[in-house]
Participant: 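Dropping the structure in here first, questions after.
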Amino acid sequence: MAYRDLRAFVKRLEKEGELARISTEVDPVLEITEIVQRLGREAAIPQGLKPYSSQAGHAGAEAPTPGFGEANHAGAKGLGGLGPALLFEKPKGSSVPLLINAFGSERRMNLALEVDALEEIAERIRGFVDMQSPQGLLDKLKMLPKLAELGSFFPKSVKSGPCKEVVKHGEQADLLEFPILKCWPEDGGRFITFPLVFTKNPENGKRNVGMYRMQVYDARTTGMHWQTQKHGAEHFRRARAKDATGKIPVAVAIGSDPATALAGMLPIPPDLDEMMFAGFLRKEPVEMAPCETCDLEVPANAEIVLEGYVRLDEMRTEGPFGDHTGFYSLEGEFPVFHVECVTHRKEPIYLTTIVGPPPQEDFYMGHAVERVFLPVMKMQYPEIVDVALPAEGIFHNLMIVAIRKSYPGHARKVMNAIWSLGQAMFTKVIVVVDHDVNIHDYREVVWKTLCAIDPERDVQFVMGPMDTLDHAARMQDYGSKMGIDATRKWKGEGFARPWPGEIKMDEGTKERVRAIWGRLGLKG
Ligand SMILES: Cc1cc2nc3c(=O)[nH]c(=O)nc-3n(C[C@H](O)[C@H](O)[C@H](O)COP(=O)(O)O)c2cc1C
Ligand SMILES: [Mn+2]
């Protein structure tokens with residue numbers, strides 16, 4: 001059974017010993033951040049310090065061994081966590097409790113998505129992706145349950161829902177009643193960090209849901225941090241092209257059942273409904289209730305809903321904001337959200353998160369996305385064996401890819417594929433290695449990559465769109481990327497020298513030493 005709402009998830013976390021309640025008054029201005037950071041510093045297991053484990057089985061150049069890859073997943077386990085989820089019952093200046101770090105460990109991500117391992121979701125996706133047109137009658141019959149399951153994911157419109165237990169129009173609507181965080185000292189103000197922002201494509205009416213931070217300017221005005229390549233920004237541009245002086249309706253839901261809350265960050269194609277994907281994840285449709293003041297729908301189980309509009313002729317300075325990168329995003333001009341109506345549950349819970357120097361809670365959310373979408377990536381590019389996004393690479397700065405190399409130039413083909421694949425377009429550095437490198441062991445990756453490259457020959461630069469948050473790019477949103485071909489080089493790539501084998505002791509000698517070990521008087 002899917003979680004009914006956020007509070008059902010909170011209950012489960014508590015039952016599992018994954019939640020701490022804080023009844024002391026704490027200030028959402030900076031203090032909550034510092035508490036979360038202290039817990040994180042103590043609890044996080046730096047991945048780089050994991051025990052060294054070289055992947056067995058050196059394959060000779062141009063002769064990849066079959067049966068590789070699966071063992072690579074072992075390395076992705078045991079990412080630790082950032083301490084428990086925290087429910088601040090008395091945030092200073094607000095009567096609304098605040099939930100943070102709800103997804104800050106691999107275990108809590110599994111609980112959120114109701115799986116024992118993320119692989120299960122990947123497996124379900126594979127099941128659908130593998131569906132081919134049925135051949136005979138038997139095949140057709142076999143597909144029926146899958147198709148029925150697909151149908152059950154579509155969001156379901158309902159008349160109303162708990163999110164409307166309290167409705168406040170106009171002057172009564174007041175964002176300042178919620179414990180909105182000021183995360184870092186130089187932040188431009190308080191920011192809503194875990195919203196689901198709903199808009200419609202003005203051309204075809206299709207829904208988009210994205211997680212975009214919102215700077216609070218006053219009781220009824222916020223920023224709308226639609227980075228230029230994101231779907232919200234595209235809706236804004238298309239509407240503006242039709243009527244530059246108009247406005248578009250926008251609704252924001254804060255806090256819902258965990259799969260729905262997380263759906264806002266999914267890197268899925270434009271015009272694909274994130275709420276349908278949430279239905280797939282929770283195996284039950286998301287119930288959507290109509291807004292009070294505009295033609296949009298929001299999850300009926302949401303804790304808090306903000307309804308309003310964004311004017312197409314208005315921009316305002318947003319930021320600075322202590323960001324995913326571990327640095328401040330500088331000020332920039334972004335659209336403005338005007339709140340006309342606030343609805344919420346009785347005794348709502350305010351869901352939020354903090355980004356900052358890695359790893360933070362978003363690392364565990366991003367890691368889940370990486371694991372869940374890997375089968376989709378492999379479907380399109382079957383040569384991809386595995387990918388790894390180290391926390392320090394903050395999603396867009398570094399992707400390590402293991403491929404089964406089959407032809408000259410294959411590593412570069414994969415780089416180009418990644419740079420043209422949805423939000424993977426932002427990847428600043430791609431390292432491509434052979435399939436027998438354990439890419440979740442970063443020491444092994446550094447060692448084997450550096451041994452495998454002739455830098456001038458194996459590094460490729462390209463220009464393209466950059467993540468808005470990249471402060472080193474020559475211009476905002478546009479800059480260069482680098483691909484490193486760290487695969488073994490082939491004759492077909494102009495490499496005439498022999499490629500050496502990796503050093504490994506033979507089993508016979510190991511066995512003989514094992515037998516006499518006890519007599520040597522050595523530890524270990
Ligand atoms: C905690 C958190 C905060 C985020 N803040 C922003 C943001 O302010 N602006 C933005 O464009 N993307 C932000 N993102 C990334 C988007 O949620 C992500 O790219 C998502 O896929 C966008 O949805 P879209 O593809 O429908 O545009 C954030 C992600 C997380 C996890
Ligand atoms: Mn989208």
Side-chain angles (χ1 to χ4, degrees), residues 33 36 82 99-104 109 112 181 183-184 187-188 191-201 204 206-216 222-238 250 252-255 258 260-278 318-326 328-335 337 351-356 358-370 372-373 389 391 394-396 421-427 465-470 476-477:
T33 306
V36 172
L82 303 172
L99 178 67
I100 195 163
N101 210 21
F103 305 102
M109 275 306 305
L181 297 181
C183 300
W184 298 101
D187 281 3
F191 284 81
I192 298 170
T193 55
F194 213 140
L196 293 175
V197 178
F198 290 78
T199 51
K200 270 188 187 172
N201 182 333
N204 57 22
K206 293 208 169 145
R207 167 165 47 220
N208 189 66
V209 190
M211 193 186 293
Y212 315 110
R213 73 172 187 238
M214 296 158 61
Q215 177 171 0
V216 176
T222 78
M224 185 52 77
H225 195 249
W226 282 327
Q227 294 169 16
T228 195
Q229 308 92 344
K230 306 295 174 75
H231 302 153
E234 187 61 25
H235 289 186
F236 176 85
R237 279 190 294 266
R238 289 191 188 190
V250 176
V252 175
I254 304 169
T260 303
L262 289 165
M265 67 170 298
L266 298 175
I268 59 177
D271 288 342
L272 195 65
D273 186 3
E274 280 85 357
M275 292 298 98
M276 191 195 57
F277 213 93
E318 199 264 7
F321 178 69
D323 228 314
H324 306 269
T325 55
Y328 286 97
S329 295
L330 302 176
E331 291 181 344
E333 297 299 303
F334 284 87
F337 176 55
L351 174 69
T352 192
T353 186
I354 291 162
V355 298
Q360 302 282 342
E361 185 177 356
D362 60 330
F363 168 70
Y364 297 91
M365 309 195 296
H367 177 71
V369 170
E370 172 204 307
V372 166
F373 285 103
L389 301 170
I394 50 165
F395 308 120
H396 296 145
L421 191 69
Q423 291 185 38
M425 69 171 141
F426 298 126
T427 312
M466 293 300 288
D467 182 14
T468 304
L469 307 187
D470 190 301
Q476 182 169 306
D477 300 323

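Remember, predicted model here, so these are calculated numbers, not experimental data. One-based numbering, in listed order, for ligands and for the atoms of each. Throughout, numbering of the chain's residues begins at 1 and tracks the sequence.
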Participant: Sort out for me which residue in R213, M224, M211 forms a side-chain contact (heavy atoms from CB on, under 4.5 Å) with P195.
Facilitator: M211
Participant: Using a cut-off of 2.8 Å, how many protein N, O or S atoms lie below it in distance from the Mn ion (ligand 2)?
Facilitator: 3
Participant: What are the atom names and distances for all N or O pairs under 3.5 Å between ligand 1 and the protein?
Facilitator:
from, atom 1, to, atom 2, distance (Å)
ligand 1, 8 (O), R213, N, 2.9
ligand 1, 8 (O), H225, ND1, 2.8
ligand 1, 9 (N), H225, O, 2.7
ligand 1, 9 (N), H225, ND1, 3.2
ligand 1, 9 (N), Q227, NE2, 3.3
ligand 1, 11 (O), H225, O, 3.4
ligand 1, 11 (O), Q227, N, 3.2
ligand 1, 11 (O), K230, NZ, 3.3
ligand 1, 12 (N), K230, NZ, 3.0
ligand 1, 14 (N), M211, O, 3.2
ligand 1, 17 (O), M211, O, 2.8
ligand 1, 19 (O), K230, NZ, 3.0
ligand 1, 19 (O), Q423, OE1, 2.8
ligand 1, 19 (O), Q423, NE2, 3.2
ligand 1, 21 (O), M265, O, 3.2
ligand 1, 21 (O), L266, O, 3.1
ligand 1, 21 (O), Q423, NE2, 2.7
ligand 1, 25 (O), H231, ND1, 3.2
ligand 1, 25 (O), Q423, NE2, 3.3
ligand 1, 26 (O), N208, OD1, 2.9
ligand 1, 26 (O), N208, ND2, 3.0
ligand 1, 26 (O), H231, ND1, 3.0
ligand 1, 26 (O), E274, OE2, 3.0
ligand 1, 27 (O), Y212, OH, 2.6
ligand 1, 27 (O), H231, N, 2.8

Participant: Please name the residue in the list D187, T468, D470, D323 that meets the side chain to side chain donor-acceptor pair (under 3.5 Å) test with S329.
Facilitator: D323
Participant: Under 4.5 Å between any side-chain heavy atoms of F426 and Q229, yes or no?
Facilitator: yes
Participant: Between N208 and H235, does the side chain to side chain donor-acceptor pair (under 3.5 Å) criterion hold? Intermediate values first, please.
Facilitator: CA-CA 9 Å; N208 189 66; H235 289 186; 5.4 Å; no
Participant: Among L262, L99, D362, find the residue that satisfies the side-chain contact (heavy atoms from CB on, under 4.5 Å) test when tested with F194.
Facilitator: L262
Participant: May I ask you to decide if the ring planes of F236 and W226 are parallel, tilted or perpendicular, using 30° and 60° as cut-offs?
Facilitator: tilted
Participant: Side chains of T193 and T353: any donor to acceptor distance under 3.5 Å?
Facilitator: no
Participant: Can you confirm whether or not the ring centre of Y212 sits under 6.0 Å from the ring centre of F321?
Facilitator: no
Participant: Does the R207 side chain pair with the main chain of E274, one donor and one acceptor, at a distance under 3.5 Å?
Facilitator: no
